[in-house]
Amino acid sequence: MCGIAGIVSHQNVNQDLYDALTVLQHRGQDAAGIVTCENGRLHLRKDNGLTRDVFSTEQMMKLRGKMGIAHARYPTAGSSSSSEAQPFYVNSPFGITLAHNGNLTNTKQLKKALFIEDQRHLNTNSDSEVLLNIFAHELQQLGKLDLDKDDLFKAVEGVHRRCKGAYAVVIMIPNIGILAFRDPNGIRPIIFGERKSEQGSEFMIASESVALDSLGFKVTRDLDPGEAVFISESGDLHTQQCAEKTDHCPCIFEYVYFARPDSIIDNISVYKARLRMGDKLAEKILKEWPDHDIDVIIPIPDTSRTSALQMANTLGVKFREGFIKNRYIGRTFIMPGQQMRKKSVRQKLNAIDLEFEGKNVLLVDDSIVRGTTSEQIIKMARDAGAKNVYFASAAPAVRYPNVYGIDMPAVTELVAHNRNEEEIGVAIGADKMIYQDLVDLVDAVSKGNPEIKHFDTSCFDHDYITGDIDEAYLQHIEDLRNDSAQAEKIAETEIIDMHNSY
C-alpha cells in the first residue's frame with residue numbers, strides 16, 4: 001500500500017507535493033520521494049523515512065518545476081532498501097518517472113519478457129520498476145518523436161494487456177505532461193481534481209480525495225477501472241478508457257483500515273462505511289448475544305473509533321477512550337519482525353486504568369491480522385483491572401494472503417489460520433470473540449455506491465479477482481513474507497545500504 005500524487009500547476013509544485021505526502025503518510029511510512037520537472041530537466045529527491053525526515057529546506061529548494069509527482073512507500077515484500085524508494089526513472093524513451101500503488105501478480109513472467117524480448121535492464125526487485133519499463137517499452141514501440149495524448153493512451157493499452165494485478169499509477173514525461181491510469185479491476189484508488197488560479201486551471205491526481213481537499217483542489221471524480229487521464233504540461237486534460245474489459249472490484253480493506261475516514265473513494269464515504277460497519281456488528285451482538293453484559297465499549301485507536309462509537313450508540317452502551325496513542329510510533333501492521341511489533345505496542349498505547357477497573361470491556365478493532373497487537377492490548381486491559389475483556393473486529397477473520405498491494409504476513413502467521421472464532425479468542429486471550437460477517441461488511445460498504453456490485457475480499461474468502469492466483473504463487477508469497485524471510489531481507493538490506501554509504 002502506497003500513496004501517490006501528481007500536480008500540473010502554474011507555479012512551483014514542490015510545496016504542494018510535500019503537503020500531499022504528509023496527508024497521505026498513513027499509506028506508507030517506509031520511504032518518500034518527489035520528482036519535479038523544470039524546462040525539461042528532472043529534479044529528484046527520495047530516501048527511506050517519513051516525509052518530514054526525507055526533505056530538508058535545502059533539498060526542497062532544489063525541487064523546482066511546475067509539474068511533478070510524489071510517492072509515500074509501504075513495502076509489500078519486506079524490503080526496506082532505499083534503492084526501492086520511488087519515484088522510479090528510466091531514461092529511454094524521453095525520460096519517464098513513475099509512482100505506483102499496488103502490486104503486480106505476474107512480475108516473474110514480465111521480468112523474463114523484459115530481459116529476453118524487450119532487452120531492458122532492471123535494477124531492483126520492485127514490481128513498480130517492472131511496470132515502468134513495460135510502459136516505456138510500449139511507448140518506444142510506437143517509434144514517434146512527438147507524442148500526443150493518443151500515443152500515451154495506446155501505451156497504457158499495452159500495459160493493460162501485459163500486466164496483471166493491482167496498480168494505480170502516475171507518470172511524468174518531461175515537456176509532455178503527467179499521465180495516470182488504473183488497473184482494469186480498479187482495485188487501488190486514484191482520483192483527480194481541479195483548482196482555479198489567476199493563471200488558469202491546475203490539476204492534481206492522488207490516491208485519496210483528502211489530499212485534494214487539503215490543497216484546495218475540487219474533486220472531479222475517481223478514475224474508472226482501466227481508464228487513463230493525461231494532463232499536458234500546458235494544462236489541457238484528456239481522459240480515455242484504455243482497457244478492453246473491466247470489472248470494478250475495489251479493495252474493501254481500504255474502507256476497513258487503510259484510507260483516512262475523511263476520504264471518499266469511488267463515491268463511498270469511508271467515514272459513513274465505518275459507521276455502517278459498527279451498526280452491523282452491533283446488530284450481530286443483539287442477535288447472537290442479546291443478554292450481553294458489556295459495561296463499556298473502548299476503541300483501539302485510531303481506525304476503529306468510528307465503528308466503535310456507532311456500536312455503542314446502537315447497543316446503548318457507554319463509549320469511552322481507554323487507550324492513549326503515542327502518535328510518533330509507526331503502524332505495527334507495517335513493522336517487520338514479531339519482536340519489533342510486540343515492543344512497539346507498549347510504546348504506542350497506554351491504558352487509562354479508570355476506564356477498565358472492575359468492568360466488562362468490549363474492545364473494538366478494525367481488523368485482526370497476526371493477532372500480536374490484539375493479544376498485547378487485551379493483556380493491557382487486564383493489567384488495568386478489567387473484569388472481562390471481549391474483543392470485536394469490524395472486519396471478518398483474515399485467513400488468506402492479500403496479493404494486491406497489502407503486505408499481510410504469510411498465511412501460517414495469520415491468527416485466524418486454521419482456527420474458528422472461539423479458538424481465535426483463546427489465542428489472543430479474549431473472554432469472547434466477535435467478528436463481522438463478510439456479507440455484512442460488503443453491505444456496509446456497498447450502500448455508499450450501489451453501482452459497485454462486488455469488492456476484492458480475497459483476504460477473507462480466497463476469491464482472487466484477477467483469476468491468475470494459484471497455490472504456487474501463494475507459496476511464493478509465503479516464502480517472501482514470513483518473519484524469518486523478512487529478517488534475512490532486512491539484514492541484507494542493511495549490509496547493502498552500509499556498503500553504499502562508503
Side-chain angles (χ1 to χ4, degrees), residues 4-17 20 34-44 63-71 87-100 131-132 135-136 138-160 167-182 190-207 211-212 215-224 226-243:
I4 62 174
I7 298 176
V8 176
S9 180
H10 296 289
Q11 56 193 346
N12 285 328
V13 296
N14 51 358
Q15 186 63 54
D16 277 350
L17 288 172
I34 294 174
V35 58
T36 59
C37 184
E38 178 192 39
N39 299 323
R41 177 163 294 185
L42 298 173
H43 305 288
L44 171 67
L63 295 172
R64 299 180 301 273
K66 297 179 181 179
M67 68 176 182
I69 63 175
H71 186 268
F88 281 124
Y89 166 77
V90 66
N91 73 329
S92 179
F94 308 108
I96 304 171
T97 58
L98 168 146
H100 165 220
L131 185 55
L132 170 59
F135 175 81
E138 292 296 320
L139 201 59
Q140 195 161 33
Q141 289 298 100
L142 298 177
K144 295 183 67 175
L145 184 60
D146 295 320
L147 297 177
D148 58 28
K149 60 181 175 53
D150 295 328
D151 299 321
L152 297 173
F153 292 146
K154 191 170 183 179
V156 175
E157 291 174 7
V159 171
H160 288 331
Y167 47 93
V169 178
V170 60
I171 285 173
M172 181 170 65
I173 307 175
N175 300 316
I176 303 295
I178 288 181
L179 172 75
F181 54 91
R182 194 178 189 186
I190 186 167
I191 193 166
F192 67 97
E194 182 178 0
R195 180 175 67 187
K196 300 291 187 181
S197 71
E198 292 181 0
Q199 293 84 8
S201 292
E202 301 173 328
F203 296 96
M204 180 176 181
I205 303 156
S207 295
L212 277 68
L215 293 174
F217 285 82
K218 183 178 180 181
V219 169
T220 301
R221 61 179 175 85
D222 300 89
L223 275 177
D224 290 333
E227 188 182 24
V229 57
F230 169 62
I231 306 161
S232 70
E233 192 174 35
S234 59
D236 298 317
L237 184 144
H238 309 273
T239 63
Q240 183 169 303
Q241 177 56 251
C242 298

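None of the values given here were measured: they were computed from a predicted structure.
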| said: As a quick check of understanding, evaluate side-chain contact (heavy atoms from CB on, under 4.5 Å) for F217 and F192, giving each step before the final call. | reply: CA-CA 9 Å; F217 285 82; F192 67 97; over 6 Å; no
| Is the F135-H100 ring centre distance short of 6.0 angstrom? | no
Backbone N/O of [Y] and side chain of [X]: donor-acceptor pair under 3.5 Å:
{"X": "E233", "Y": "G235", "answer": "no"}
{"X": "S232", "Y": "D236", "answer": "yes"}
{"X": "T239", "Y": "A228", "answer": "no"}
{"X": "H238", "Y": "V229", "answer": "no"}
{"X": "S207", "Y": "I4", "answer": "yes"}

| message | Name the residue from L179, L152, I178, T97 that meets the side-chain contact (heavy atoms from CB on, under 4.5 Å) definition with I173. | response | L152
| query | Quick one: which of N12, L63, I34 gives a side-chain contact (heavy atoms from CB on, under 4.5 Å) with L17? | reply | I34
Hey, could you give me the [atom1]/[atom2] distance between [X] and [Y], rounded to the nearest 0.5 Å?
{"X": "R64", "Y": "T36", "atom1": "CZ", "atom2": "OG1", "answer": "8.0 Å"}
{"X": "F94", "Y": "D146", "atom1": "CZ", "atom2": "CG", "answer": "8.0 Å"}
{"X": "M172", "Y": "C37", "atom1": "CE", "atom2": "SG", "answer": "5.5 Å"}

Could you pull out all residues at least two apart from [X] that satisfy side chain to side chain donor-acceptor pair (under 3.5 Å)?
{"X": "K144", "result": "D151"}
{"X": "E227", "result": "R221"}
{"X": "Q199", "result": "S197"}

Are [X] and [Y] close enough that some pair of their side-chain heavy atoms sits under 4.5 Å apart?
{"X": "K154", "Y": "K149", "answer": "no"}
{"X": "D224", "Y": "R182", "answer": "no"}
{"X": "I191", "Y": "V219", "answer": "yes"}
{"X": "L98", "Y": "V169", "answer": "yes"}
{"X": "L139", "Y": "L147", "answer": "yes"}
{"X": "I96", "Y": "Y89", "answer": "no"}

Determine the minimum heavy-atom distance between [X] and [Y], stating which atoms define it.
{"X": "A136", "Y": "P93", "answer": "O-CD, 3.3 Å"}
{"X": "G193", "Y": "L212", "answer": "N-CD2, 3.3 Å"}
{"X": "S201", "Y": "K196", "answer": "OG-NZ, 3.1 Å"}
{"X": "H160", "Y": "G226", "answer": "NE2-O, 3.2 Å"}
{"X": "I190", "Y": "A180", "answer": "CD1-CB, 3.9 Å"}
{"X": "I176", "Y": "F230", "answer": "O-CZ, 3.6 Å"}

| query | Going by distance alone, is a donor N or O of one side chain under 3.5 Å from an acceptor N or O of the other, for E194 and T220? | reply | no
| task | Would you please say whether a donor-acceptor pair under 3.5 Å links the side chains of E38 and H43? | result | yes
| task | Give the C-alpha distance, both sets of side-chain angles, the deciding distance and a yes or no for side-chain contact (heavy atoms from CB on, under 4.5 Å) between I7 and I69. | result | CA-CA 6 Å; I7 298 176; I69 63 175; over 6 Å; no
| Going by an N to O cut-off under 4.0 Å, is there a salt bridge joining R195 and E202? | yes
